[in-house]
Novice: 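The following block contains the structure, expressed as structure tokens.
Order of appearance sets the numbers: ligands from 1, and atoms from 1 within every ligand. This one's a predicted model, so the numbers in the text were calculated from it and none came from an experiment.
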Amino acid sequence: MRHPAGLPLELASLERTLVMGVVNVTPDSFSDGGRFLAPDAATAQARALAAAGADIIDVGGESTRPGAPRVGLDEELARVIPVIEQLAAEGMHVSVDTMRGAVAMEAVRAGACMVNDVSGGLGEPDMLPTIAELDVPYILMHWRGHSDVMTSLTEYDDVLSDVATELSQRVDAALALQVDPRRIVLDPGLGFAKDSKQNWVLLQGLETLKLLGRPLLIGASRKRFLGSLLAEPDGTPRAVFARDAATDAITAISAVHEVWAVRVHNVRASADAVRVAHAWLTGGDDESH
Ligand code: PMM
């Protein structure tokens with residue numbers, strides 16, 4: 001497995017796809033909004049995800065659900081920093097899901113070992129300069145605009161090549177600000193300015209996205225396109241909490257394509273799936289992880 005530079009050794013020694021468990025410390029995320037807003041609830045959820053096999057815990061304080069309003073800087077810091085401090089103190093590998101450089105900086109000071117930026121450096125001008133100063137992996141996601149407008153930004157000539165090109169442009173912007181390219185992980189941003197069909201085309205194109213030469217992260221967990229795929233005959237989408245088996249199927253597909261990490265809400269079956277895929281890829285030669 002090709003890992004980004006700056007990853008803690010314990011993770012960098014793993015040969016399989018990593019599993020990132022999600023803890024949204026928000027009142028309004030589409031899947032777990034409101035459940036983990038209290039720091040104690042968030043830390044308890046993180047412990048449960050780690051016990052279920054999460055390699056990384058992704059802590060976010062701003063919902064990116066379509067239509068979600070922005071949260072202020074102070075509120076975002078107040079939500080995530082105490083949780084990150086606690087989880088890092090307990091020995092978990094924590095990533096911070098934020099678009100703000102100021103939050104990324106404070107989070108790394110509090111013990112986060114990775115920054116996950118859904119805006120790929122476009123959301124806030126302080127992000128890329130901050131990342132250049134830090135020495136942790138940076139997940140750079142394909143993004144075209146904030147949650148209130150993203151559903152109107154789904155025009156592509158060819159979604160796979162356009163997303164690849166736009167990701168390359170963001171990598172160039174990061175390099176121009178002295179971000180170490182070896183620390184960058186790329187993510188096509190499923191559901192962010194993409195309709196259902198476009199998400200499937202991107203997933204079908206994992207091998208093409210790998211040609212960008214960076215580790216990949218896939219975040220499909222419980223997203224709307226899975227709800228549509230599994231809709232009732234009358235068109236009622238599959239309920240959010242009943243999308244985990246479909247998410248796990250995408251984990252298996254991603255792991256067979258040697259995606260670096262998957263980001264999921266329900267960890268247990270994905271943790272099994274990445275091990276199954278690794279055993280399949282190696283013909284069972286490496287069962288150490
Ligand atoms: N999706 C969400 C939030 N953060 N980060 C990355 N890197 N990739 C994603 O696909 C992604 C993300 C939205 O899901 P949530 O509201 O359930 O966290």
Novice: Does ligand 1 have a heavy atom under 4.0 Å from the side chain of R263, from its backbone, from both, or from neither?
Specialist: side chain
Novice: Is M141 near ligand 1, meaning one of its heavy atoms is under 4.0 Å from it?
Specialist: yes
Novice: With heavy-atom distances below 4.0 Å as the criterion, list the atoms of ligand 1 near I139.
Specialist: 7 (N)
Novice: Check the surroundings of atom CD in E207: do more than 12 heavy atoms from other residues, nucleotides or ligands lie under 6.0 Å from it?
Specialist: yes
Novice: Under a 4.0 angstrom heavy-atom cut-off, which atoms of ligand 1 come close to N116?
Specialist: 5 (N), 6 (C), 7 (N)
Novice: Is ligand 1 under 4.0 Å from a heavy atom in the side chain of N24, in the backbone, in both, or in neither?
Specialist: side chain
Novice: One pair to check against side chain to side chain donor-acceptor pair (under 3.5 Å): E76 and T98. What are the steps and the verdict?
Specialist: CA-CA 9 Å; E76 190 182 350; T98 185; 2.6 Å; yes
Novice: To check your reading of the model: name the closest protein heavy atom to atom 13 (C) of ligand 1, its residue, and the distance in Å.
Specialist: T64 OG1, 3.4 Å
Novice: Do I81 and V115 belong to the same hydrophobic cluster, where Ile, Leu, Val, Met, Phe, Trp and Tyr are linked whenever their side-chain heavy atoms lie under 4.5 Å apart, directly or via other members?
Specialist: yes
Novice: Under 3.5 Å, is there a donor-acceptor pair between the side chain of N199 and the main chain of L190?
Specialist: no
Novice: Side chain or backbone, does D187 bring an N or O within less than 3.5 Å of an N or O on ligand 1?
Specialist: yes
Novice: Please check this pair: side chain of S221 against backbone of H265, looking for a donor-acceptor N/O pair closer than 3.5 Å.
Specialist: yes
Novice: Are V240 and L226 connected, step by step, through hydrophobic side chains (Ile, Leu, Val, Met, Phe, Trp, Tyr) whose heavy atoms are closer than 4.5 Å?
Specialist: no
Novice: Looking at K197 and D195, is there a salt bridge between them, counting it only when a charged N and a carboxylate O are closer than 4.0 Å?
Specialist: no
Novice: Under 3.5 Å between some N or O of ligand 1 and some N or O of L217?
Specialist: no
Novice: Based purely on interatomic distance, does D97 place a nitrogen or oxygen under 3.5 Å from a nitrogen or oxygen of ligand 1?
Specialist: yes
Novice: Which of the atoms of ligand 1 are close to V118, meaning less than 4.0 Å from one of its heavy atoms?
Specialist: 4 (N), 5 (N), 12 (C)
Novice: Do R263 and D97 sit within salt-bridge range, that is, some charged N less than 4.0 Å from a carboxylate O?
Specialist: yes
Novice: With heavy atoms under 4.0 Å as the rule, classify the contact between K223 and ligand 1 as side chain, backbone, both or neither.
Specialist: side chain
Novice: Quick one: does H265 get a heavy atom under 4.0 Å from ligand 1?
Specialist: yes
